[in-house]
Amino acid sequence: MRTDRIFARLDREPEPPKIEIPRMSRHRVVLFGATMAFYLAIVVAVLGSSWLVELDWKVMLYRPYEQWPQLHAFLDYFVVLGQRGPTAVMVMAWLGWRSWRQHTLRPLLTLGAALLLLNMTVGSVKLGLGRLGPHYATQIGSAELFAGGDIFPSGHTANAVVTWGILAYLATTPRARRWLSVISAMVALGVGATTVYLGTHWVSDVLLGWAAGLLILLALPWFEPLIARAEAFVFAVREKVRERRRPRASAPATVPVPAVPAMPPQRGHEEDDAPVREPVGVASGRGPGRPLPARPYQPARSERPPVVPAGTRRPPHTERTPRTAPARPLGG
């Protein structure tokens, strides 16, 4: 056998396949009604302490675990297939892989809805009727109802019907659905019979557990629209989370353009001859808008008087006498 075909089946499909969702057909409605009638008949028979209660006591006093003790070790492990914890983990692992492979959450959501219905329906009846088990019975021939027990209907049996039957319900091909239906039915029947063998349940507990699990499987198509809306909501939330985690596209970085120095305006010939005036700018280290201090007036070079050098460059003459002014006569 070629291994590439096996790995191809294990690989994820490129796109979600088109899966036909079961509908609430007329045939299924008839089965649901018949199973409901059987369920109510079992409850009425136990409440009335009829022949069914007598059968419970006959099987209990027969003690099957003492008649065939060689089966006890094997059936102690086999009954685990009806416990909710281990079976839910095994089936959830399989359906989780199917959800990943087929890009859909429907298998996991369907399993969650079925287990929720199982806990609500079976749990409420157990607590409401309060029946004691065979090992805790106090009066022979009594139905042992409303005594604080929690075994009617059998939780192991109902859980085996729902947990393994969900695989047949979610099968994608008719051939796989037929095979899985047969296997799940054998497991559910075996788990129910094992609880009677071990003495943990009455026969009527097992009968009601089979009916309770089958009712949940038959009613699942009514919850398919709710499962589809829940799947759409989860996918919408996932897309919002991805959008928040996704880095936003940043604006492209601008390349800095080197600044080109401004060219001074060209002046004409007349402007070239004009004296250049020092513009009143901002001196270094001074605040903006502070004018420069006024400078004292300095005359132009042409307006300045000639500078006489101090002293004379002529050599002194000893033969000359200094000129003195003539003496004036004193008036009398």
Side-chain angles (χ1 to χ4, degrees), residues 24-64 79 82 84 113-166 169 181 184-223:
M24 202 64 183
S25 61
R26 184 177 301 178
H27 178 69
R28 189 181 290 269
V29 172
V30 172
L31 287 177
F32 183 84
T35 307
M36 178 61 73
F38 179 77
Y39 185 96
L40 295 176
I42 297 296
V43 174
V44 172
V46 173
L47 289 174
S49 298
S50 62
W51 60 270
L52 187 56
V53 177
E54 296 179 3
L55 178 63
D56 290 339
W57 277 99
K58 289 181 180 180
V59 174
M60 182 264 184
L61 295 176
Y62 184 71
R63 291 180 174 85
V79 77
R84 192 162 307 164
L115 293 180
L116 181 61
L117 291 173
L118 178 66
N119 292 333
M120 293 175 60
T121 56
V122 175
S124 60
V125 175
K126 277 188 174 189
L127 297 177
L129 296 178
R131 191 181 191 186
L132 294 176
H135 292 307
Y136 303 97
T138 58
Q139 184 179 358
I140 297 177
S142 172
E144 302 294 336
L145 293 173
F146 310 109
D150 57 351
I151 65 160
F152 183 69
S154 171
H156 277 70
T157 306
N159 183 73
V161 174
V162 172
T163 307
W164 301 110
I166 202 73
Y169 177 81
S181 298
S184 61
M186 293 177 62
V187 173
L189 291 174
V191 169
T194 300
T195 59
V196 175
Y197 168 85
L198 296 174
T200 56
H201 280 287
W202 306 99
V203 174
S204 56
D205 298 343
V206 175
L207 294 177
L208 197 65
W210 282 332
L214 187 58
L215 284 175
I216 293 173
L217 291 179
L218 291 174
L220 278 179
W222 280 329
F223 297 91

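Everything quoted here is computed from the prediction, not taken from an experiment. Index from 1, following the sequence. Just so you know, these numbers use all the heavy atoms, side chains as well, and skip hydrogens, waters and symmetry mates.
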Taking side chain as C-beta onward, heavy atoms only, is [X] less than 4.5 Å from [Y]?
X: Y169; Y: V162; result: no
X: E144; Y: Q139; result: yes
X: Y39; Y: T121; result: no
X: V191; Y: V206; result: no
X: L220; Y: I166; result: yes
X: V53; Y: W202; result: no
X: F38; Y: L214; result: no
X: H201; Y: T157; result: no

For the residue pair F32 and W222, does the interplanar ring angle fall in the parallel (under 30°), tilted (30 to 60°) or perpendicular (over 60°) class?
-> perpendicular
As an exercise, state the distance from [atom1] of [X] to [atom2] of [Y], rounded to the nearest 0.5 Å.
X: H156; Y: T194; atom1: NE2; atom2: OG1; result: 10.0 Å
X: I216; Y: T35; atom1: CD1; atom2: OG1; result: 12.0 Å
X: W57; Y: L52; atom1: CH2; atom2: CG; result: 13.5 Å
X: F223; Y: M24; atom1: CZ; atom2: CE; result: 9.5 Å
X: L215; Y: L117; atom1: CG; atom2: CG; result: 11.0 Å

Should we say atom [atom1] of [X] is surrounded by more than 12 heavy atoms from elsewhere, each under 6.0 Å from it?
X: F146; atom1: CZ; answer: yes
X: H135; atom1: NE2; answer: yes
X: M186; atom1: CE; answer: no
X: L61; atom1: CG; answer: yes

Which pair of non-hydrogen atoms, one from A188 and one from A160, has the smallest distance, and what is that distance?
-> CA-CB, 4.0 Å
Shortest non-hydrogen separation from R28 to L217 and the atoms involved |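 Distance-wise, the nearest heavy atoms are NH1-O, 3.6 Å.
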Passing candidate, side-chain contact (heavy atoms from CB on, under 4.5 Å) with D205, options I151, V196, D56 | I151
